[in-house]
Amino acid sequence: MRWILASACALVLAQSLATAQATGDVMGMHNLSPVSGASVYSQGSLGCTFCHAPHSGLGGISPLWNQTLSKATYTPYSSSTYVEQGKTQPTLGITSSLCLSCHDGTVAVGQSAAYGPLPMTGSMNSIDSFGTTLTGTHPFSLVVPMKDASNLVSTLVSQGKTADPTGAVKLIKGNIECTSCHDPHVQGTDRVAQDFLVRDSSSGQMCLACHDPNRVVQGQPNPLAGWTNSIHQTATNQPAANAHVGSYSTVALNACTSCHMEHDATAPARLLRPANPPAPGMDTATQDCVTCHNGGTLLSPAAPNVMAEIAKISHPLPAGNNFHDAAETAVLNNNRHTSCVDCHSAHGSNQALVFSAPPTIRPSQANVTGISASDGVTVLLPALNQYENCLRCHGTSVGKQRLLIYGYAPARLVSAPDPLNVIPEFAATATSSHPVTHDSLSPLPQPSLLTNMLNQNGTAGRLMGVRIFCSDCHNSDDNREFGGNGPNGPHGSVYSHILEHNYQFSQAATPGGPVTNTFPNPDLSLAGPYGMCAKCHNLSSVVSNTSFTHHGNHVSQDGFSCSTCHTAHGMGSIAPGVSGERLVNFDINVVGQNNGAPISYNRGSNTCTLTCHQTAHNADGSITNAMKPGHHTKTK
């Protein structure tokens with residue numbers, strides 16, 4: 001008789017709920033019948049009985065609870081950027097505890113308090129059985145009162161109200177519980193996700209009920225800043241179903257769920273999605289980007305294939321012990337790495353449709369962290385100029401290394417104490433430098449300088465101004481800005497030092513000794529050994545001696561690289577005999593002293609005092625000890 005009464009009650013309740021819902025879809029998989037689609041079910045139509053017993057539920061627990069409660073202890077969500085709400089357990093028999101009686105997997109479905117074990121077929125799907133380790137699940141059952149944060153809507157803590165205009169997303173007794181987001185009686189309110197959501201969650205509406213990307217709290221950066229109208233908020237690219245990046249048809253509609261998982265996130269901190277296909281060994285922040293940015297078939301139209309660039313000579317992805325963490329310091333001391341989010345804000349990034357003039361940061365790096373070039377330590381959030389982001393690693397940070405994967409590195413005659421700190425090299429106080437952190441200041445004529453930078457096919461590109469970007473040199477070799485088909489920026493290149501074009505370096509076994517890597521009569525175009533210089537400089541003008549009388553001899557006849565005599569960034573220091581004008585700073589791996597005399601350069605007389613390629617260059621302009629038959633022995 002009790003079974004008949006329970007079934008009748010369930011039928012009446014189901015019919016009344018169906019009448020209240022215009023969709024007609026009420027219990028869905030929670031009906032646990034063979035036709036419901038649930039992975040675990042019972043024959044017949046027991047309906048509400050799995051959760052409720054009309055007259056014999058667990059004593060004192062509303063609403064007439066029938067499923068045996070789990071008494072498990074849970075490990076809640078935590079991360080370095082989480083505003084700690086305390087570590088507590090769901091109150092047994094209240095709100096979230098009721099859901100976990102089935103969904104933590106410790107109590108079998110159908111273990112009723114009133115009727116004993118109900119006959120069940122199948123088992124819970126792993127995606128619906130969260131276990132007791134809830135570090136990959138959005139926090140709930142917090143210690144109240146909740147703590148405020150810059151990325152929460154202003155009313156959440158102050159008034160206990162969400163920003164959901166429908167009122168469906170709400171706090172439960174002042175707390176976040178499972179039923180803040182899920183209605184266990186109605187599966188299809190969101191007709192696409194079908195996840196028992198309390199409202200349509202397309203375009204991130206569920207998340208934005210509690211999280212505010214536009215809130216400004218003094219002294220607190222908002223990690224969601226820039227989300228409104230960002231590329232991930234507006235992109236119409238369509239993910240494939242097997243991409244597993246959300247239930248909706250476009251990146252914009254998936255919004256937050258393109259990158260974050262509400263439950264079962266394998267990268268617990270910040271609930272990031274794993275790479276698909278898997279990318280073992282890759283840090284979690286990068287994995288979150290790989291699924292869509294690997295040029296595969298999971299996104300249509302495909303996004304630029306960044307991972308193809310990473311496979312070249314590239315910035316090092318985090319590995320081993322140098323993983324990225326969102327709470328790490330802006331200056332990356334002893335921990336240089338380049339996760340995608342070190343240079344891009346996933347919330348604020350935009351597609352670069354128009355390439356602005358330097359030094360302003362590009363839309364793809366909007367809202368990213370930077371470091372001031374004035375002192376190398378002041379944090380700028382957001383960075384306003386591209387070079388400021390680069391200075392997180394290439395400025396005052398300690399523990400920098402020269403890695404062999406980037407190719408030969410010249411050893412400069414004049415160098416600052418930290419030769420890998422580019423701040424003094426680019427500073428306005430430098431005798432000469434490429435104009436990255438300041439406008440071009442050189443009073444000397446530059447006859448070889450082109451009017452426009454060259455595109456990859458040799459046509460005129462961007463107008464040469466008073467500034468250049470770091471990425472004008474350090475760039476993907478097939479970047480889109482200068483006519484290629486690949487992504488922009490220093491993701492990776494086939495050329496050493498992540499350069500856009502080839503730049504060969506002369507080397508010597510001993511200073512002043514025989515020189516290798518020589519290119520007599522070199523190709524002076526972008527395709528040649530000094531193509532990086534040819535992007536901005538007319539090398540034919542250079543070897544015609546328009547600025548130095550021996551360029552032709554050194555480059556065309558003897559095949560020496562520009563790097564033998566010139567530094568690329570700027571003069572980080574000065575020394576007697578080498579003023580640093582025109583970026584002259586000898587590579588002492590190649591040149592040596594001339595009979596013990598200090599290495600020097602006199603621009604006024606266009607003479608050097610040094611030994612190179614076993615040839616002595618003298619202060620009076622003469623050249624002795626020529627090693628080649630017929631080589632000139634004295635030149636004025």
Side-chain angles (χ1 to χ4, degrees), residues 204 226-227 230-246 248-261 265-267 270-319 323-324 326 337-353 355 361-368 386 389 471 474-481 484-494 498 500:
W227 171 253
S230 68
I231 186 61
H232 288 135
Q233 195 257 343
T234 59
T236 57
N237 305 65
Q238 297 178 329
N242 60 343
H244 304 300
V245 292
Y248 306 99
S249 60
T250 68
V251 172
L253 290 174
N254 280 315
C256 311
T257 58
S258 292
C259 302
H260 301 281
M261 302 175 67
T266 54
R270 289 158 286 281
L271 305 177
L272 302 179
R273 288 191 179 277
N276 183 24
M282 189 175 291
D283 73 294
T284 56
T286 302
Q287 284 199 43
D288 203 28
C289 306
V290 168
T291 302
C292 291
H293 291 277
N294 66 356
T297 60
L298 296 180
L299 192 67
S300 179
N305 190 348
V306 174
M307 297 313 297
E309 307 299 325
I310 297 295
K312 304 174 184 177
I313 300 171
S314 67
H315 273 101
L317 291 177
F323 282 170
H324 167 87
H337 54 67
T338 44
S339 180
C340 303
V341 292
D342 286 313
C343 301
H344 301 278
S345 165
H347 298 119
S349 182
N350 276 289
Q351 186 177 6
L353 299 175
F355 298 109
I361 203 159
R362 291 286 171 71
S364 56
Q365 290 189 282
N367 286 90
V368 76
Q386 185 197 72
N389 181 242
S471 60
H474 299 285
N475 208 342
S476 301
D477 59 282
D478 57 351
N479 71 86
R480 181 168 50 87
E481 180 177 0
N485 296 316
N488 301 308
H491 297 108
S493 172
V494 297
I498 319 181
E500 181 181 304

For this session: Please round to the nearest 0.5 Å and tell me the distance separating atom SG of Cys340 and atom CG of Leu317.
Result: 7.0 Å
Exercise. For the atom pair SG (Cys289) and CE (Met307), what is the distance rounded to the nearest 0.5 Å?
Worked result: 9.5 Å
Seminar exercise, completed: Taking every heavy atom of Ser249 against every heavy atom of Leu253, the minimum-distance pair comes out as OG-CD1, 3.4 Å
Problem set entry | Flag for Ser471-Gln386: side-chain donor and acceptor within less than 3.5 Å | yes
For this session: Please report the closest heavy-atom contact between Thr286 and Pro318, naming both atoms and the distance.
Result: OG1-CD, 4.3 Å
Exercise. Got a sec, which pairs hit side chain to side chain donor-acceptor pair (under 3.5 Å) with one end in residues 233-244, sequence neighbours left out?
Worked result: none
For this session: Classify the ring geometry between His337 and His324 as parallel (under 30°), tilted (30 to 60°) or perpendicular (over 60°).
Result: perpendicular
For this session: Among residues two or more places apart or on two chains, list those pairs meeting side chain to side chain donor-acceptor pair (under 3.5 Å) that have a residue in residues 295-315.
Result: Glu309-Lys312, Lys312-Asp477
For this session: Evaluate the side-chain hydrogen bond (donor to acceptor under 3.5 Å, both in side chains) criterion for residues Ser339 and Asp342: first the C-alpha distance (whole Å), next the side-chain angles of each, then the deciding distance (0.1 Å), finally the verdict.
Result: CA-CA 5 Å; Ser339 180; Asp342 286 313; 4.9 Å; no
Exercise. If you take all heavy atoms of Trp227 and Ala255, which pair is closest and at what distance?
Worked result: CZ2-CB, 3.8 Å
Problem set entry | Side-chain heavy atoms of Asn488 within contact of Phe355, under 4.5 Å | yes
For this session: If the plane angle is over 60° it's perpendicular, under 30° parallel, otherwise tilted; pick one for His344 and His491.
Result: parallel
Exercise. Do side-chain atoms of Asp288 reach the backbone of Leu272 as a donor and acceptor pair under 3.5 angstrom?
Worked result: no
Exercise. How long is the span from the OG atom in Ser493 to the CD1 atom in Ile498, to the nearest 0.5 Å?
Worked result: 8.0 Å
Problem set entry | Leu271 versus Ala265, closest heavy-atom pair with distance | CA-CB, 3.6 Å
For this session: Verify side chain to side chain contact (heavy atoms under 4.5 Å, CB included) between Asn276 and Leu298, making sure each step is shown before the conclusion.
Result: CA-CA 9 Å; Asn276 183 24; Leu298 296 180; 4.0 Å; yes
Exercise. Which heavy atom of Ala366 sits nearest a heavy atom of Gly348, and at what distance?
Worked result: CB-O, 3.5 Å
